[in-house]
Amino acid sequence: MKTARIKTPLGIAELGGDSDGLSYLKILNSDEPVSKEIPSELKSAADQLASYFIGELKDFDLKLNPKGTDFQKMVWNKLLQIPYGKTTSYLELSRALGDEKAIRAVASANGKNPLWIIIPCHRVIGSDGSLTGYAGGLHRKKWLLDLENPPAQRSLF
């Protein structure tokens with residue numbers, strides 16, 4: 001597996017993958033050095049993330065290869081269907097998967113997503129509209145949601 005570290009507005013991100021696709025993306029909570037060279041297998045992911053973070057990219061076009069159970073992969077595939085700038089709740093997501101009683105299992109699978117940002121688990125919020133759990137921290141979830149759907153400009157005059 002090849003790895004690379006890139007600088008993002010959320011901190012240093014580490015990418016991992018190979019010719020079968022991107023396996024993980026995580027934001028590190030430390031100041032690890034960025035990679036001097038990006039392996040060819042990760043170059044497109046690094047470029048697309050850079051475009052996403054400056055607001056130019058709305059849909060990633062990458063070969064993905066996250067590791068997980070069949071159920072987790074089913075949840076992650078459903079997350080990929082949430083449009084840029086939109087949100088859904090854990091309950092709505094559970095219903096879309098055919099079993100609203102599976103809400104805790106869906107939330108657990110969401111929390112184990114190894115490709116956050118690319119598989120947009122940050123777009124899942126509480127039924128009451130609250131920002132609920134996010135592996136990267138709620139401050140990052142809010143930042144990502146604001147990037148995708150900026151608050152309206154308020155005028156002082």
Side-chain angles (χ1 to χ4, degrees), residues 1-6 8-30 41-42 44-152:
M1 172 150 336
K2 306 283 183 163
T3 62
R5 288 190 204 102
I6 60 171
T8 77
L10 298 176
I12 303 299
E14 184 174 275
L15 306 161
D18 54 28
S19 60
D20 291 330
L22 190 63
S23 295
Y24 72 87
L25 162 67
K26 59 186 173 186
I27 306 295
L28 305 175
N29 289 318
S30 63
E41 296 87 346
L42 304 174
S44 182
D47 291 345
Q48 287 186 43
L49 280 164
S51 293
Y52 169 82
F53 281 121
I54 61 172
E56 291 180 353
L57 182 81
K58 300 199 182 333
D59 295 303
F60 291 96
D61 182 20
L62 297 167
K63 186 176 180 182
L64 304 179
N65 188 26
K67 306 297 184 238
T69 67
D70 289 343
F71 179 77
Q72 289 169 337
K73 289 178 182 180
M74 182 175 66
V75 171
W76 301 337
N77 282 327
K78 191 58 82 174
L79 292 173
L80 288 167
Q81 296 173 20
I82 305 169
Y84 181 95
K86 303 292 182 189
T87 58
T88 192
S89 71
Y90 291 99
L91 180 58
E92 290 168 339
L93 189 57
S94 298
R95 286 179 179 151
L97 289 162
D99 184 1
E100 73 178 51
K101 292 179 182 171
I103 190 168
R104 289 179 192 230
V106 167
S108 177
N110 194 56
K112 289 182 171 72
N113 171 14
L115 285 166
W116 22 302
I117 302 169
I118 294 170
I119 297 178
C121 53
H122 61 278
R123 296 179 188 155
V124 183
I125 59 174
S127 294
D128 62 358
S130 64
L131 296 185
T132 56
Y134 187 61
L138 292 181
H139 66 289
R140 289 184 177 125
K141 182 172 190 165
K142 181 179 181 333
W143 192 95
L144 291 165
L145 292 173
D146 286 347
L147 171 71
E148 294 184 6
N149 196 2

*Quick one: do L79 and R123 satisfy side-chain contact (heavy atoms from CB on, under 4.5 Å)? Show the steps, please.*
CA-CA 8 Å; L79 292 173; R123 296 179 188 155; over 6 Å; no

Can you tell me how far [atom2] of [Y] sits from [atom1] of [X], rounded to the nearest 0.5 angstrom?
X    : Y    : atom1 : atom2 : result
L145 : L138 : CG    : CG    : 10.0 Å
Y90  : R95  : OH    : CZ    : 16.0 Å
S44  : K63  : OG    : NZ    : 12.0 Å
S94  : K78  : OG    : NZ    : 11.5 Å
L93  : T87  : CG    : OG1   : 11.5 Å
I117 : K26  : CD1   : NZ    : 13.5 Å

Quick check: do [X] and [Y] have side-chain heavy atoms less than 4.5 Å from each other?
X    : Y    : answer
W143 : P9   : yes
N77  : I119 : no
Y84  : L57  : no
D99  : V106 : no

*Between Y52 and E148, do the side chains contain an N or O donor and an N or O acceptor separated by less than 3.5 Å?*
yes

*Would you please say whether a donor-acceptor pair under 3.5 Å links the side chains of K73 and T69?*
no

If only atom types and distance count, is the side chain of [X] paired as donor or acceptor with the main-chain N or O of [Y] below 3.5 Å?
X    : Y    : answer
R140 : L10  : yes
S130 : T132 : no
E92  : S89  : yes
W76  : A109 : yes
D18  : E41  : no
S108 : R104 : no

_Does M74 form a side-chain contact (heavy atoms from CB on, under 4.5 Å) with D70? I'd like the steps, not just the answer._
CA-CA 6 Å; M74 182 175 66; D70 289 343; over 6 Å; no

*Could you walk me through whether I27 and I12 pass side-chain contact (heavy atoms from CB on, under 4.5 Å), step by step?*
CA-CA 6 Å; I27 306 295; I12 303 299; over 6 Å; no

*asked:* A quick test of your reading: do over 12 heavy atoms of other residues, nucleotides or ligands sit less than 6.0 Å from NZ of K58?
replied: yes

*Take atom CG of D128 as the centre, draw a 6.0 Å sphere, and report whether it contains more than 12 heavy atoms from other residues, nucleotides or ligands.*
yes

Closest non-hydrogen atom pair, [X] against [Y]:
X    : Y    : result
K67  : S23  : NZ-OG, 4.0 Å
E100 : L91  : CB-CD1, 3.8 Å
A45  : L22  : CB-CD2, 4.0 Å
A13  : L25  : CB-CD1, 3.8 Å
K2   : L42  : O-CD1, 3.6 Å
H122 : K141 : O-CE, 3.3 Å

*asked:* Restricting to side chain to side chain contact (heavy atoms under 4.5 Å, CB included), what partner residues turn up for T3, sequence neighbours left out?
replied: Y24

*asked:* Checking F60 against L80 for the side-chain contact (heavy atoms from CB on, under 4.5 Å) test, could you report, in this order, the C-alpha distance in whole Å, the side-chain angles of both residues, the deciding distance, and whether it holds?
replied: CA-CA 10 Å; F60 291 96; L80 288 167; over 6 Å; no

